[in-house]
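So the structure is just underneath, and the comments pick up after that.
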Amino acid sequence: MTDKQLIENLDQRGLLMQASAQDELNEHLAGQCRTVYCGFDPTADSLHIGSLVPLLALRRFQLAGHRPIALAGGATGMIGDPSFKAKERKLNSLEVTAQWTEKIRAQLSRFIDFDCGENAALVVNNLDWTADKGMLTFLRDIGKHFSVNAMIQKESVKQRLEREGEGISYTEFSYMILQAYDFAMLNQMHDCTLQIGGSDQWGNITAGIDLTRRLNQQQVFGLTLPLVTKADGGKFGKTEEGTIWLDPARTSTYTFYQFWINTADADVYKFLKYFTFLNIEEIAAIEEADKNAQGRPQAQGILAREVTRLVHGEDGLAAAQRISNALFSGDISSLTEEDFGQLKQDGMPSSAIEAGTLVEALVATGLAQSNKMAREFIANGAVSVNGVKIADPGASLNWNDAFYGRYFLLKRGKKLFHLAYCQ
RNA sequence: GGAGGGGUUCCCGAGUGGUCAAAGGGAUCAGACUGUAAAUCUGACGCGCAAGCUUCGGUGGUUCAAAUCCACCCCCCUCCA
């Protein structure tokens, strides 16, 4: 049984940007299980939280009774999507792309259910139907359906065509044809009738709708989700340390959790709608409660908890919370030796260092990028060791002063911690 | 292939022989204030404690002295063919 309210629910959450033939789409989804797909290109060996909105949307469709297909872009990843990109990108080698595709494919699998009968999910790789396609066949059978006149009208490539100092290669320009072909193929193979994606994908999606109509004489649909923006105009998903990845080997569960904890008030309720499965009423209640209470709102905590659990599971969440509690609310000196061992294991940033000056330790742990910066941090009163602020740039670390003779908890700034331990 | 324009520190962008580690803006970071917010103010923002050292697409050259001049090369853009 499918949920007839799906589109309406998405709309209420602010997740509906554009949809083709929305009334017909609504009807199309209402009665029965439909197949919906979303593509993810391997631009790194892990997805990052920018992909979370479409990824969770696939799951929303599945929960509503539809069948999701997550597509790993083994082929498209070799070409590079130019949509709204200011610059031409460097191509990655085939081996690298293949490796990344495999990793991405594994990650995608964690968000959708493969074992639920009629609407069990599928993960596919578009290289499977692209690799053997001969060039001439491709140009004759597929290329013939595309008008360059229409292609250059697409908003997604316009700036590249018009902007002074930039251009677009034929390779990247062909990207939308490849993606369109994916849609047509999935329609043929799996009766896929809906493609979703970020709003930057609208041009590629409509190209796919057109091609499917011409190639298969099928009406299919497209729907886009908002790209996540922050109220302060900053880039979503980046911190000083870099991108927030879904792979815990790249971004620890602790760092991941902290990222969400630090969400600005102006964004947090929107993010609850985007990134959690709490229903609209619950989210409204949280917002209302926060408004009436003074001090720190609870929304960030809920957001962090929900998203961390979604991406890293109960264990990952527990680990992240253990570290966070120890660092931000607990008394550090009350931690036992086992606690320190646990923090290390939980994925708290940590490294082995030699005894030496504090400056050296800050650089060795990455808390400062250079001796000069380290000194400046210390002089500014930004550094503390085991909970004690150190303001002397000449200070040194002696293992006799360490917790249990082997742990130094270094802190730079208000919320950046690092556990340094004796080898 | 021809003609013209351009490649500057994370980004944008000034700089056309010394006063340039290089204006200005953005981003980022730290401090104060706070709620591990926001806004605001202050400071930092190539490396080095410093003397100084290494940077302005690449390689050579001219000069006491080059991001700035010359030669060649690489890359990008625009127009023409």
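Throughout, a chain's letter reflects where its sequence line sits, starting with A, and its residues are numbered from 1.
- When the P atom of B:C45 is taken as reference, atom CZ of A:F377 falls 11 Å away, rounded to whole Å.
- B:A67: no Watson-Crick or G-U partner with both key distances under 3.5 Å is found in any strand.
- Cation-pi geometry between A:R59 and A:F277 is met: under 6.0 angstrom from the ring centre, within 45 degrees of the axis.
- For the C1' atoms, the distance from B:G26 to B:C75 is 26 Å, rounded to whole Å.
- Pair assignment for B:A38 gives none, since no Watson-Crick or G-U wobble pairing has each distance under 3.5 Å.
- Under the Watson-Crick or G-U wobble criterion, with both distances below 3.5 Å, B:G43 is paired with B:C29.
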Filtered N/O pairs between nucleotides 46-52 of chain B and protein, under 3.5 Å:
unit_1 : atom_1 : unit_2 : atom_2 : d
B:G48  : OP1    : A:N371 : N      : 2.8
B:G48  : OP2    : A:S370 : OG     : 3.1
B:G48  : OP2    : A:K372 : N      : 3.1
B:C49  : OP1    : A:R375 : NH2    : 2.2
B:C49  : OP2    : A:R375 : NH2    : 2.8

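- Searching all strands for a Watson-Crick or G-U wobble partner of B:A23 with both distances below 3.5 Å returns nothing.
- Spacing between B:G6 and B:U68 at atom C1', rounded to whole Å, works out to 16 Å.
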> Where along nucleotides 31-39 of chain B does protein come under 4.0 Å, by heavy atom, of base (B) or sugar-phosphate alone (S), with - for untouched nucleotides?
Replying inline: SSBBBBB--

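- Distance noted for atom P between B:A65 and B:C73: 27 Å (whole Å).
- Using modelled atom types, no side-chain atom of A:T251 and backbone atom of A:P248 make a donor-acceptor pair closer than 3.5 Å.
- Atom CD of A:E8 sits about 8.0 Å away from atom CG of A:N26, to the nearest 0.5 Å.
- Remark: B:G1 base-pairs with B:C80; criterion is Watson-Crick or G-U wobble with both hydrogen-bond distances under 3.5 Å.
- Applying the Watson-Crick and G-U wobble criteria (two distances, each under 3.5 Å), B:C49 pairs with nothing in any strand.
- Atom name P, nucleotides B:G35 and B:A50: the rounded distance is 38 Å, in whole Å.
- The C1' atoms of B:C45 and B:C80 are separated by 46 Å, rounded to the nearest whole Å.
- Note on ring orientation: taking the six-membered ring where Trp is involved, the planes of A:F236 and A:F259 are perpendicular (angle over 60°, cut-offs 30° and 60°).
- By the 30° and 60° cut-offs, the orientation of the rings of A:Y170 relative to A:F173 is tilted.
- In this model, a donor atom of one side chain and an acceptor atom of the other lie less than 3.5 Å apart for A:N204 and A:S83.
- Contacts of A:E95 classified as salt bridge (Lys or Arg N to Asp or Glu O under 4.0 Å), with partners at least two apart in sequence or in another chain: none.
- In the model, A:E360 has no side-chain atom that pairs as donor or acceptor with a side-chain atom of A:N371 under 3.5 Å.
- Using modelled atom types, one side-chain atom of A:S324 and one backbone atom of A:A320 make a donor-acceptor pair closer than 3.5 Å.
- Under the Watson-Crick and G-U wobble criteria, each requiring two contacts below 3.5 Å, nucleotide B:U54 is left unpaired.
- The shortest side-chain heavy-atom distance between A:L58 and A:L108 does not fall under the 4.5 Å cut-off.
- One P atom belongs to B:A14, the other to B:A30, and the distance between them is 31 Å to the nearest Å.
- The separation of B:A22 from B:A66, taken at their C1' atoms, amounts to 13 Å, rounded to a whole angstrom.
- B:A37 sits 48 Å from B:U78 when the C1' atoms are compared, rounded to a whole Å.
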